[in-house]
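Report on the following structure.
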Amino acid sequence: MKSKLKVLFLCTGNSCRSQMAEGWTRHLHGDAVEAWSAGIETHGLNPHAVAVMKEAGVDISGHRSKNVTELLDVPFDFVITVCGDADERCPFFPGNARIIHRGFDDPPKLALDKKTEEEKLNCYRRVRDEIRAFMENLPGFLENLTEEKRS
């Protein structure tokens, strides 16, 4: 039996995008990918992210915001940075972890000037759906990278 790929989704505060990425990956590919998320800092779990993920049928309410230093001993196969700040400040991971950047817009920043709660949630929904679209093909994407590395 093939072991699951260990993947860390890294963001600035581990409050929103990385949490959604972990949630989608567990939901869509829990049989093939062991998903984790963390931040360069911890900002707590964003309630809007929890709400829009729940709308889509994925419960991340039990997640907690983790600092990447808590996970440095986990032998990740891939670390995927989901924001520019995490990409620039990504720490060194021991072992063979491949660092990949796939940035997504920051929903709290997008929602900053929105007047209604619904307008704010729409910002989160858009990013949630973009993350889901990327995660739908994640195992194949990662397998291709693994094959390229072997070549």
Side-chain angles (χ1 to χ4, degrees), residues 4-72 74 76-93 97-146 148-149:
K4 291 183 182 184
L5 290 173
K6 285 184 168 50
V7 179
L8 172 65
F9 297 99
L10 187 64
C11 200
T12 302
N14 192 220
S15 66
C16 190
R17 290 169 283 185
S18 54
Q19 294 284 355
M20 288 193 274
E22 177 187 358
W24 277 125
T25 303
R26 288 176 182 259
H27 181 75
L28 296 169
H29 306 295
D31 58 333
V33 179
E34 188 176 333
W36 304 65
S37 67
I40 302 299
E41 306 162 3
T42 55
H43 294 173
L45 195 55
N46 184 299
H48 289 104
V50 173
V52 300
M53 289 297 286
K54 185 176 182 179
E55 288 175 357
V58 180
D59 183 8
I60 63 170
S61 63
H63 291 199
R64 70 175 180 84
S65 185
K66 295 172 292 305
N67 189 291
V68 69
T69 58
E70 296 176 48
L71 304 174
L72 291 177
V74 177
F76 291 110
D77 297 297
F78 295 93
V79 175
I80 301 176
T81 58
V82 294
C83 73
D85 187 44
D87 186 40
E88 291 172 14
R89 296 172 51 196
C90 188
F92 172 78
F93 285 87
R98 292 200 50 197
I99 312 298
I100 300 162
H101 178 64
R102 174 51 173 99
F104 296 94
D105 287 336
D106 184 15
K109 283 185 183 167
L110 295 173
L112 219 57
D113 64 343
K114 303 303 181 205
K115 304 289 185 239
T116 69
E117 190 68 12
E118 192 63 22
E119 288 175 318
K120 290 176 184 180
L121 287 172
N122 283 336
C123 296
Y124 286 80
R125 289 178 182 120
R126 177 178 67 79
V127 175
R128 172 202 65 199
D129 294 345
E130 290 171 0
I131 292 171
R132 179 190 176 128
F134 177 72
M135 295 311 153
E136 284 175 346
N137 299 313
L138 185 68
F141 173 78
L142 296 177
E143 284 297 326
N144 285 341
L145 290 175
T146 303
E148 287 174 14
K149 187 176 179 181

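Numbers for residues simply follow the sequence, beginning at 1. What you see is a predicted model; the values in this text were computed from it and never measured.
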Please report the closest heavy-atom contact between [X] and [Y], naming both atoms and the distance.
X      : Y      : value
Glu22  : Ala35  : OE2-O, 3.7 Å
Lys4   : Asp77  : O-OD2, 4.1 Å
Phe78  : Ile100 : CD2-CD1, 3.4 Å
Val33  : Pro139 : CG2-CG, 4.2 Å
Cys83  : Arg17  : CB-NH1, 3.3 Å
Pro107 : Asp105 : CD-O, 3.1 Å

Do the side chain of His48 and the main chain of Cys123 share a donor and acceptor less than 3.5 angstrom apart?
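No; judged by distance alone, with no hydrogens or angles, the pair does not exist.
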Do Asn67 side-chain atoms and Ile40 backbone N/O form a donor-acceptor pair below 3.5 Å?
yes
I need the [X] [atom1] to [Y] [atom2] distance, nearest 0.5 Å.
X      : Y      : atom1 : atom2 : value
Arg126 : Leu121 : CZ    : CG    : 14.0 Å
Arg64  : Lys66  : CZ    : NZ    : 6.0 Å
Ser18  : Ile131 : OG    : CD1   : 8.5 Å
Cys16  : Arg128 : SG    : CZ    : 11.5 Å
Ile60  : Met20  : CD1   : CE    : 7.0 Å
Ser65  : Glu41  : OG    : CD    : 9.5 Å

Run the side-chain contact (heavy atoms from CB on, under 4.5 Å) test on Phe134 and Trp24 for me, step by step, so that the C-alpha distance in whole Å, both residues' side-chain angles and the decisive distance to 0.1 Å come before the verdict.
CA-CA 10 Å; Phe134 177 72; Trp24 277 125; over 6 Å; no
Before giving the answer on side-chain contact (heavy atoms from CB on, under 4.5 Å), spell out for Thr25 and Leu138 the whole-Å C-alpha distance, their side-chain angles and the decisive distance to 0.1 Å.
CA-CA 8 Å; Thr25 303; Leu138 185 68; 3.8 Å; yes
Pairs involving residues 111-124, ordered by first then second residue, that meet salt bridge (Lys or Arg N to Asp or Glu O under 4.0 Å) (sequence neighbours left out):
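Qualifying pairs, neighbours excluded: Glu118-Arg125.
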Considering only heavy atoms from C-beta outward, does the side chain of [X] approach that of [Y] to under 4.5 Å?
X     : Y     : result
Gln19 : Val50 : no
Leu8  : Val68 : yes
Leu5  : His29 : no

For Phe9, which residues count as a ring pair (Phe, Tyr, Trp, His ring centres under 6.0 Å) partner, sequence neighbours excluded?
none
Between Ser37 and Asn14, do the side chains contain a donor N or O and an acceptor N or O under 3.5 Å apart?
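Note: Asn14 and Ser37 side chains meet the donor-acceptor criterion.
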Evaluate the side-chain contact (heavy atoms from CB on, under 4.5 Å) criterion for residues His43 and Thr12: first the C-alpha distance (whole Å), next the side-chain angles of each, then the deciding distance (0.1 Å), finally the verdict.
CA-CA 8 Å; His43 294 173; Thr12 302; 4.1 Å; yes
May I have the step-by-step check of side-chain contact (heavy atoms from CB on, under 4.5 Å) for Leu110 and Val127, ending in yes or no?
CA-CA 10 Å; Leu110 295 173; Val127 175; 3.9 Å; yes
